[in-house]
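I have placed the structure first, in the form of structure tokens, so that the comments after it can refer back to it.
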Amino acid sequence: MPPDRDTLMLMLERMYRIRLFEETVIEIHSTGELQGPAHPYIGEEAVAVGACAALRDTDYIAGNHRSHGHPIAKGGDLKRALAELLGKQGGYCHGKGGSMHLADFSVGILGESGIVASSVPIATGAALASKQQGKDFVSLVFFGDGASNQGACHESMNLASLWNLPVIFLCENNQYAITTSYKNSVSVDHVSDRAPAYNMPGVLVDGQDAIAVYEAVTVAVQRARAGEGPTLIEALTYRFEDHSLGLDRIRKSAYRSEEEVEEWRKRDPLDIHEEALISTGVATREECDAMKSDVVVLVAEALEFARESPYPEPSDLFEDMWADPIPAP
Amino acid sequence: MPPDRDTLMLMLERMYRIRLFEETVIEIHSTGELQGPAHPYIGEEAVAVGACAALRDTDYIAGNHRSHGHPIAKGGDLKRALAELLGKQGGYCHGKGGSMHLADFSVGILGESGIVASSVPIATGAALASKQQGKDFVSLVFFGDGASNQGACHESMNLASLWNLPVIFLCENNQYAITTSYKNSVSVDHVSDRAPAYNMPGVLVDGQDAIAVYEAVTVAVQRARAGEGPTLIEALTYRFEDHSLGLDRIRKSAYRSEEEVEEWRKRDPLDIHEEALISTGVATREECDAMKSDVVVLVAEALEFARESPYPEPSDLFEDMWADPIPAP
Amino acid sequence: MPEMTYVAAIAEATREEMERDESVYLMGEDIRQSVYGASAGLVDLFGEDRVIDTPLSESGFFGAAIGSSLVGQRPIVETVTSFFWVGMDQMISQASKMRYMFGGQATLPVTWRARMFYARGAAAHHSDRNYPVFMNCPGIKIICPTNPYDAKGLLKTAVRDNDPCILFEDGIAISSRGEVPANEDLPNGELLVPFGEARIVREGTDVTVVGVAGGVAHAEAAADVMAQEGVSVEVIDPRTLVPLDKKTILKSVEKTGRLVIADPAHKVCSAASEIASIVAEEGFWSLQAPIMKVASEQVNIPYSPALEPLVYPTPERVVAAIRETLS
Amino acid sequence: MPEMTYVAAIAEATREEMERDESVYLMGEDIRQSVYGASAGLVDLFGEDRVIDTPLSESGFFGAAIGSSLVGQRPIVETVTSFFWVGMDQMISQASKMRYMFGGQATLPVTWRARMFYARGAAAHHSDRNYPVFMNCPGIKIICPTNPYDAKGLLKTAVRDNDPCILFEDGIAISSRGEVPANEDLPNGELLVPFGEARIVREGTDVTVVGVAGGVAHAEAAADVMAQEGVSVEVIDPRTLVPLDKKTILKSVEKTGRLVIADPAHKVCSAASEIASIVAEEGFWSLQAPIMKVASEQVNIPYSPALEPLVYPTPERVVAAIRETLS
Ligand SMILES: Cc1ncc(C[n+]2csc(CCOP(=O)(O)OP(=O)(O)O)c2C)c(N)n1
Ligand SMILES: Cc1ncc(C[n+]2csc(CCOP(=O)(O)OP(=O)(O)O)c2C)c(N)n1
Ligand SMILES: [Mg+2]
Ligand SMILES: [Mg+2]
């Protein structure tokens, strides 16, 4: 089912948001303003945006260390996200989480996670809850090609299949885990080839094409809401930047060639989506540019907000540890 | 490749050994002489015996909590095994391990293990060493249908396939993990159906037929020795007794019907092997009976040895902790 | 007051909490058939959606329990302390850290009930007494009931608590029987034991003995022996290790001037080490003698009945330690 | 003497040991590209069979390393302390227990080298200082080098040691530079630092400060401050926590009568707790003041630069503790 015009435009806007957010992050990292770790999502925007456009606010997502694209795609707030990256009180987690731990439970973002594959069981559990509670909420987890080799993925997919849970396993196969090619870490041609091992559908989709991702996820969402169980989707994509900011020690070319990177840059998901919209008359180039300009302002405002947001107070250190507090030991 | 006469007879002898050993274990447990946990292998003898007959002494095996059949099949000593079960100094592990931790490194038995699936990576590592050392030793690991759902299995199979390791994953599908049917724990029809997810051959074999197991393992061993990598074999079998001795709280019939148990008992692996030998003229009924009588004596001697072996001394408590000892903390 | 076993007390608490609150459910291996005895009959009462048999997948189902707790469920996960290692990442990286790293957005009312087998020939793979590991990692409340009363009351509190909790079902305590009041005889109609309040098992004036988990029984037995010699031992059961009621311990040491700690965990970085270090810092001026730790020898757990008893604290070892503090 | 960085010292030790012994190999994620800096160039020297990039599968490859060590290999496994949780079962159930439960048949010369990130904005998921967890579980030797000399010498000893070892590469110490003698200047032609021998970083008479891992630097800084006030601080770096050189610590406390421990682990059941408990038992009669633990606050590690530094020991907190023991 192709997305309607509003959805297509929303997708475009969210792709701009992610791209410009990440560009800002790279910039403030290069100046030293941002010091913590950050893993840019540039090049992969179509995956998160296509997927989240197929979800409702009440649906759940969980993610990983490459952590800015997912929450923004799900409707997270740029201000609070950027404030979090700067460790500020106004951040999503009051500065406690930083880049790798963005979360916004109010729109179903159950959190990004720094330990690779660790949120796969979590998302499976949210789907279990949904079923137990008689709700039709779907749970979707983003994980990488590298993550797919973790036992937690195997166990979760097996559980989800056995219990027929409304969960979507969305593998962002950007072809590398830091420097390791998935050809040296995944023993089959495609992660989605493992779906039959769990008796669930496996779908391989072009991860540079937001509409293709949207359509694949929509089918999986329908299945999940209808009580027909989980789906494994592999979106083939590419990370345009370094694994993480500050990891310049590993030069791109040492494990992937400049040519390969250039080849993939030609398939920029933003270009592909813009062209799809323009060529089908959904939007004009001018409309796209205008939208982008608006997002530039949004991101600039977010940066301003983040900068102005105060740091947490020392007394905040002990806040947020316990829901039912206990005395200090 | 069918086994030769000597091998067939050796297999029969080892099947008798396991059966009679286990019957003795049940007996001394019922009288209270044996107090620790013990998981009888009765009904599954064809799997360990067929598999180990296809291996050399220098090949490695590793096993699990259902732990008596594997080492006996690999050529372990009944005396030291039974002494270990009684916690005696003469036991394989000087009484430190007990039933679940039998090991005899001198004949490649790298140890049974109480944490389900935990020896799957271990056996994979022994295969890695074999390859690194330029040896043609094969490594084989026994694990259950329940174990197959652990992440450690997924990770190990993926590694073994990627690295082309000489390892055989032998799943003893006795159809239950304690009380849980594999139909409720494995999301595909057969564990061996998961082999394609690791790009390795998957073989389903009749686990009541020692010759069939031998043949399947022989093919896998040849593959492994030739540097062609791992194989996943699933032997479909059945545990005739309770999950473990002393767990009478769980009555058999509560999770599996008397009829089912009776049906499977009709396919006793000892009967099947005896008949195969007799019907093909490899052995006469009398020869079989004579062999069995000899084994009765062997087991009786083992029990005598175990009983007479002294308990470890209190000072032995601190022995065997470190290869390069350190002062007590 | 009616007597019941520890396991029956656990079962009763589970049933009561499942009746009270629909979001409470039980998950674990072979719980429908009640392999460990504490879940018999529950599937008939509450159905397969709330009494869930899992495959052998401790990372997967621990994580699923945690994930479900994030969105309103209250899982009770049954397992064995030794299987924690398999699902450890979900427990530490996720359960113990999520709330804090998400700035308080996550609430994780998940309770593990873990049978802590030891002292029964289970050998090294099934004898872990690993609460000190979880004490070191902030974010999980650690409960060690040592009798049926506390087992029932603390489990009920844990289920209602909004943080991750682990209940260690001690291998020595589980065989105990004891009085548990009927609900109708209780002022509030239910038995809830608060966290962070130690129980003074018996009062005394000469030495304080803190018993941790199965160590409580040994402390009591040792107190009996010493009483015959005219030595008055105060026995304290902290009941919860996180939070730890250090006030009660410090107050007791203020009175007695002497401290022995009986803890079945391995002695290095044990609960006993922690309690000793607290008193050596905050109660130092009360101390009249060295603080004695009676904990498990720093070796793995041997199978043999000739060796295993030598590892753990015993009443005799506690008595010897008490004598030493008095000498 | 030539100076080098901590990371270079690790790399040099690795290369030397791989040259010396064919059974030594290196395994980990992205080590061929040397993501953590200590394995650069090794694949060119030793080939892909001995410098193995692994998939993200910590249970699988930790276990494979252990399995290979059982049959003659000597793996060095590179990882990060926080990823231990994922492969925990292989470390505890297998590496730490196998030898004992097989009655001494198994020999497991496997060494983990784990980068211990903290204090650099890595947040809760990447800041574990979890050596106390491994101290509680018998069967693994625990090494905490705090300077390039010890890093090189202890890693070489660990590789040759026949038991499982973990080397914690402290997030504060890794940025240090220091003198490391050239092999030709050493009597035996190589640098081997023995396990279980503490280093007396500086001698003093008024207070003993034991620094654990990154705590050593803070102890030294604090000693500098106190020296200006005429207080003589003895600073001890245990270097290995299992085995722990308690004699040197006890002897020092005998002399000074006062003990402060600076340990970046979470304070409950920490190495600091353990050392305090040992001294409170075995060195009690030497003590003239409470034993002060300066360890991390019992909260998860916050990301914000405004909060994170409040968690860990600092020279200032050590100074305050020293002052308190003197007051
Ligand atoms: C359990 C664990 N092991 C290792 C790491 C270190 N690490 C962080 S990201 C990463 C690669 C992840 O690759 P992939 O899953 O493909 O995601 P990508 O970065 O490509 O988006 C690694 C090895 C980690 N964070 N967690
Ligand atoms: C990690 C772990 N979880 C749970 C257990 C408890 N347990 C022991 S045996 C067993 C069932 C194993 O089933 P399977 O692998 O099929 O082997 P089988 O007993 O049928 O031979 C369970 C759940 C364990 N020992 N280890
Ligand atoms: Mg990737
Ligand atoms: Mg089974």
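Labels below follow one simple rule: chain letters A, B, ... track the order of the sequence lines, proteins then strands, and each chain is numbered from 1.
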Residue part contacting chain D, namely of [X], when any heavy atom lies under 4.5 Å:
| X | result |
| --- | --- |
| A:Leu34 | side chain |
| A:Gln89 | neither |
| A:Ala177 | both |

Option in D:Pro55, D:Ala40, D:Ala123 with maximal non-hydrogen atom pairs under 4.5 Å from chain A: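 Most pairs with chain A among the choices: D:Pro55.
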With respect to chain A, which residue among D:Arg120, D:Glu297, D:Glu29 yields the maximal number of heavy-atom pairs within a distance under 4.5 Å?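 If we count pairs closer than 4.5 Å to chain A, D:Glu297 comes out on top.
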Atom pair [atom1]/[atom2] of [X] and [Y] - distance to nearest 0.5 Å:
| X | Y | atom1 | atom2 | result |
| --- | --- | --- | --- | --- |
| A:Tyr176 | D:Asp30 | OH | CG | 12.0 Å |
| D:Thr54 | A:Asn184 | OG1 | CG | 11.5 Å |
| D:Leu310 | A:Asp316 | CG | CG | 10.0 Å |
| A:His94 | D:Leu307 | NE2 | CG | 11.0 Å |

Considering only heavy atoms, which portion of [X] lies under 4.5 Å from any heavy atom of chain A: side chain, backbone, both, or neither?
| X | value |
| --- | --- |
| D:Asn300 | both |
| D:Val299 | both |
| D:Val80 | neither |

Look only at the side chain of A:Gln35 and the backbone of D:Gly121, and say whether a donor-acceptor pair between them is shorter than 3.5 Å.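 It does not hold such a pair.
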Report yes or no: does D:Tyr303 contribute a side-chain atom to a donor-acceptor pair with the main-chain N or O of A:Leu86 at less than 3.5 Å?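 Judged by distance alone, no pair lies under 3.5 Å.
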Residues of residues 57-70 of chain D near chain A, each having a heavy atom less than 4.5 Å away: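 Checking residues 57-70 of chain D against chain A gives D:Ser57, D:Glu58.
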Can you check whether D:His126 reaches A:Met100 side chain to side chain, under 4.5 Å on heavy atoms?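 Of all side-chain heavy-atom pairs linking A:Met100 with D:His126, at least one is under 4.5 Å.
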Determine whether more than 12 heavy atoms belonging to other residues, nucleotides or ligands lie under 6.0 Å from atom CD of A:Glu260.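 Enclosed: over 12 neighbouring heavy atoms sit under 6.0 Å from CD of A:Glu260.
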